[in-house]
Student: 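Input: one structure, supplied below.
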Amino acid sequence: MSRLTHISAPEGVAPATAYTHVVMGTGRFVAVSGQLALDEDGELVGEGDAAAQARQVFENLRRCLASAGATFDDVVKLTYFVTDMAHMPAVRAARDAFLDPSRLPAASAVQVVSLVRPEFLMEIEAFAVVAER
């Protein structure tokens, strides 16, 4: 695991409640492209179901991170692209099943008009820092 420092409340900034304002570390940088709710055969998981889609997206992120020798403990930033902010509670619930809620990464959430296909409700990308081998 890389050594990461989490700063939830930098001086003069209101404390974060569902993310960390600043995460820093040293090591190899890993960028994971935005993941969609597709299974290993490229089939949509959870049409119309934000919770099911969020779980699949986080599972895909887990697998992508593992391919780079990383885990969610190494993630410094998540970016959420959702078609409706009403999906964020489902995203947060899935996130908390995969990440330690006491060590959340920095994050941004953006509502978008659409994603690559209309049945996708969210896309999530991750940046991680992994300890040098």
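Treat the numbers as computed from the prediction; the structure is a model and nothing was measured.
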Student: If you group Ile, Leu, Val, Met, Phe, Trp and Tyr by side-chain heavy-atom gaps below 4.5 Å, do Phe81 and Leu121 land in one group?
Tutor: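 No: no chain of side-chain contacts under 4.5 Å links Phe81 to Leu121.
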
Student: Going by atom type alone, with no hydrogens or angles, which donor-acceptor pairs under 3.5 Å involve a side-chain atom of residues 108-120 and a protein atom two or more places apart or on another chain?
Tutor:
residue, atom, partner, partner atom, Å
Ser108, OG, Lys77, NZ, 3.1
Gln111, OE1, Met85, N, 3.2
Arg117, NE, Glu119, OE2, 2.6
Arg117, NH2, Glu119, OE2, 2.9

Student: Applying the 4.5 Å side-chain criterion to the ILVMFWY set and letting contacts propagate, would Leu61 and Met88 be lumped into a single cluster?
Tutor: yes

Student: The test is side-chain hydrogen bond (donor to acceptor under 3.5 Å, both in side chains); show your working for Gln56 and Asn60 and say whether it passes.
Tutor: CA-CA 6 Å; Gln56 183 64 45; Asn60 290 348; 2.9 Å; yes

Student: Can you tell me which residue pairs pass the ring-ring contact (aromatic ring centres under 6.0 Å, His included) test with a partner in residues 33-54, sequence neighbours excluded?
Tutor: none

Student: Any chain of hydrophobic side-chain contacts (each under 4.5 Å) joining Val82 to Val45?
Tutor: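 In one cluster with Val82: Val45, no.
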
Student: ring-ring contact (aromatic ring centres under 6.0 Å, His included): which pairs involve residues 20-57, sequence neighbours left out?
Tutor: Tyr19-His21, Phe29-Phe127

Student: What orientation do Phe58 and Tyr80 show, parallel under 30°, tilted 30 to 60°, or perpendicular over 60°?
Tutor: tilted

Student: Leu36 and Met122: same hydrophobic cluster, using ILVMFWY side-chain contacts below 4.5 Å?
Tutor: no

Student: If we only count heavy atoms from C-beta on, is the Ile124 to Arg95 side-chain gap below 4.5 Å?
Tutor: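 Sidechains of Arg95 and Ile124: no contact.
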
Student: Who are the side-chain contact (heavy atoms from CB on, under 4.5 Å) partners of Glu43, not counting sequence neighbours?
Tutor: Asp39, Asp41

Student: Could you list the residues that satisfy side chain to side chain donor-acceptor pair (under 3.5 Å) with Glu59, not counting sequence neighbours?
Tutor: Arg62, Arg63

Student: Without swapping roles, check the side chain of Asp96 against the backbone of Ala93 for a donor-acceptor pair under 3.5 Å.
Tutor: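 No: the side chain of Asp96 does not pair with the backbone of Ala93.
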
Student: Identify, with sequence neighbours excluded, every residue that meets side chain to side chain donor-acceptor pair (under 3.5 Å) alongside Glu123.
Tutor: none

